[in-house]
Amino acid sequence: MTYSTGLRSAVCFTALVAGGAAQADVTAAEVWEDWKSQMALYGENGFSVGAEETSGGTLIARDVAISMDDGEVAVSANMGDITLEEQGNGSVRVTMAESYPIVITGNDGTVITVLVSQSDLEMIVSGDANEMNYAVSADSYTIALKDIVDGDVTFTGDVQMVINDLSGDYVSTAGDLRNLNYTLDVASIDLLVDIDVPGAAGEYVTASGKIEGMSMQGDMVVPANADFENPDNIFVEGLSFKGGYTVERANYVFDIDADGDQASGTISTGATTLQGEMNSETIAYDAQTNDLALSINTSEFPFPIEVGLAEYGAGFEMPVGKSDEPADFGLSLDFVDLTINDMIWNMFDGGNVLPRDPATVQFALAGKVKPLFDLLDPAQQSAMNRSDMPFELDSVTLSNLKIALAGALVTGEGEFTFDNSDMNSFAPLPRPEGDAIVEVSGLNGLMDNLVAMGLVPEDQIMGGRMMLGMFARTTGDDRLESKLEVNAEGHVLVNGQRIR
């Protein structure tokens with residue numbers, strides 16, 4: 001599936017859920033009529049109802065079905081009956097079937113059927129026509145595989161996800177741009193996979209996991225007349241999303257035997273966070289996980305593989321909307337205190353020559369750029385493709401650089417501004433001005449250890465030391481420093497010596 005197809009499917013599915021649940025008023029009939037008008041966005045075949053029955057303040061929609069088809073994957077759900085019942089206090093209770101199937105059909109003919117079931121689901125809608133509040137809770141919500149049919153092969157197994165003790169609410173505010181704000185708390189999520197590989201005697205996949213203490217929140221803006229079947233312009237029209245989740249801890253265990261190979265192990269993580277944002281102006285992403293522990297036993301290795309990581313994360317921020325002023329961008333990566341077990345170390349350092357301290361790689365870059373186009377606007381794609389540079393680079397700051405490995409440590413920081421009126425001196429980039437400093441300690445000791453281990457010949461190490469002498473100066477015992485500077489005249493200096 002291509003990226004654009006995946007994005008289209010994600011946008012359509014999110015809007016389907018939000019559009020169906022976000023429309024409400026003080027009466028059951030108004031809730032249902034508004035719901036149907038929103039479902040019309042998916043075409044005349046995207047939403048169907050077998051019959052509607054009204055009695056007093058109760059409306060029952062029989063045999064409700066929804067479907068989507070992006071040309072590569074078709075999804076349909078037969079949701080059964082939906083009951084909307086006025087509570088006499090201005091609120092409406094929405095009741096759905098305890099279970100219903102979802103059928104996913106690929107363009108290759110593969111059909112996947114999953115069953116959705118919910119225990120003690122309660123949905124109460126309150127507010128008024130302009131701002132509706134949905135309070136949702138359930139003891140459990142389960143998505144389980146029924147089967148996969150691929151030609152003459154029918155694949156079955158125990159595959160399910162159970163969301164336990166969930167509660168939350170979301171507020172829908174009507175207008176040309178509908179605002180949806182939601183929060184959801186989940187006590188735990190249980191995952192299970194237990195299947196035998198079809199046509200392969202004795203081969204299997206088993207896995208289980210538990211995610212504890214998940215909280216989700218988000219803000220979404222949906223254009224009232226959005227066309228989700230043709231979503232190329234959807235962000236230009238005003239669609240936006242900002243939100244994420246946190247998890248307290250997670251544990252997984254697996255055992256796999258396939259193609260003659262066997263592997264088993266465990267994975268655990270501590271606190272995890274993820275935040276994302278996407279709109280016509282900005283795309284941003286930030287994720288972090290603490291206390292990762294991985295242990296694997298496999299027939300490919302004669303000993304267990306054990307890996308630990310105190311923290312790992314990645315961040316990205318980029319302006320995508322045309323602007324007259326520079327906007328923030330950023331890129332970061334964190335691998336903090338990586339450890340491996342001694343058996344792995346001994347594969348390449350049997351003599352225990354290298355220090356086995358935890359390894360760290362951290363990198364954080366930030367700055368400002370001025371977008372020259374609306375990057376998510378299809379009408380501007382042709383002009384962007386003809387442009388050498390879709391941005392004007394204004395400034396870049398290296399706020400953190402840290403590499404700690406086998407007794408050596410590299411740190412650095414720096415800041416540069418850019419003159420976009422001079423695109424010749426450092427073509428294709430604008431002329432920079434600023435400086436960066438990199439400090440290194442323990443590097444000579446590391447090179448000596450590599451020679452002692454026989455991994456690097458002495459003559460190659462000598463060449464490396466000579467290069468270091470050209471670009472770095474000694475500041476202490478096995479400590480080096482290098483300062484790169486670009487001045488206002490466009491001169492490039494290393495440790496005060498002009499090289500350009």
Taking side chain as C-beta onward, heavy atoms only, is Ser99 less than 4.5 Å from Leu115? no

Does Phe301 CZ have over 12 foreign heavy atoms under 6.0 Å away? no

Point-to-point distance, once rounded to the nearest 0.5 Å, from CD1 of Ile60 to CG of Leu84: 9.5 Å

Distance-minimising heavy-atom pair for Ile234 and Pro223: O-CG, 4.3 Å

Would you say CD of Gln118 has more than 12 non-hydrogen atoms from neighbouring residues, nucleotides or ligands within 6.0 angstrom? yes

Residues 328-367 vs ring-ring contact (aromatic ring centres under 6.0 Å, His included), sequence neighbours excluded, gives Trp345-Phe348

Scanning both residues in full, the closest heavy-atom pair of Leu409 with Ala404 reads CD1-CB, 3.9 Å

Could you tell me which non-hydrogen atom of Ile195 sits nearest to which non-hydrogen atom of Asp158, and how far apart they are? CG2-N, 4.0 Å

Would you say Asn346's side chain and Gly350's backbone share a donor-acceptor pair under 3.5 angstrom? no

With side-chain contact (heavy atoms from CB on, under 4.5 Å) as the test, would you mind laying out the steps for Ile112 and Leu145 before giving the verdict? CA-CA 8 Å; Ile112 303 172; Leu145 174 69; 3.9 Å; yes

Contacts satisfying salt bridge (Lys or Arg N to Asp or Glu O under 4.0 Å) that involve residues 327-341 (not counting sequence neighbours) are Asp328-Lys368

Mind checking what makes side chain to side chain contact (heavy atoms under 4.5 Å, CB included) contact with Ala293, not counting sequence neighbours? Ser268

Output the distance between atom CD (Glu72) and atom OG1 (Thr105), rounded to the nearest 0.5 Å. 14.0 Å

Thr156 to Lys146 - nearest heavy-atom pair and separation: CG2-O, 4.1 Å

Whether Glu122 and Arg93 form a salt bridge (side-chain N of Lys/Arg under 4.0 Å from carboxylate O of Asp/Glu) is what I want to check. yes

Indicate yes or no: at least one non-hydrogen side-chain atom of Leu191 is less than 4.5 angstrom from one of Ile189. yes

With a 3.5 Å cut-off and no angle check, do the side chains of Gln288 and Asp286 form a donor-acceptor pair? no

Output the distance between atom OH (Tyr204) and atom CD1 (Ile256), rounded to the nearest 0.5 Å. 9.5 Å

Assess whether a salt bridge exists between Glu52 and Arg62, defined as any Lys/Arg side-chain N lying under 4.0 Å from an Asp/Glu carboxylate O. no

Ignoring hydrogens and angles, state whether a donor on the side chain of Asp185 or Ser215 is under 3.5 Å from an acceptor on the partner side chain. yes

Let me confirm one number: the CZ-OG1 distance from Arg249 to Thr269, rounded to the nearest 0.5 Å. 10.0 Å

Shortest non-hydrogen contact from Ser280 toward Phe235: CB-O, 3.4 Å

Please determine whether salt bridge (charged side-chain N to carboxylate O under 4.0 Å, His left out) holds for the pair Lys210 and Asp190, giving the CA-CA distance in whole Å, both sets of side-chain angles, and the decisive distance to 0.1 Å. CA-CA 5 Å; Lys210 193 176 190 67; Asp190 295 322; 2.8 Å; yes

Within a radius of less than 6.0 Å around CD of Glu212, do more than 12 heavy atoms belonging to other residues, nucleotides or ligands occur? yes

For Phe254 and Thr266, work out which heavy atoms get closest and say how close. CE2-N, 4.1 Å

Value rounded to 0.5 Å, distance of CE in Met216 from OG1 in Thr183: 10.0 Å

So, Gln275 and Gln217: side-chain donor and acceptor under 3.5 Å apart, yes or no? yes

Side chains of Asn352 and Arg356, heavy atoms from C-beta outward: is any pair under 4.5 Å? yes

Output the distance between atom OG1 (Thr298) and atom CD (Gln262), rounded to the nearest 0.5 Å. 7.0 Å

CE (Met343) with more than 12 external heavy atoms under 6.0 Å: no

Do the two ring centres, one from Tyr134 and one from Tyr170, sit under 6.0 Å apart? yes

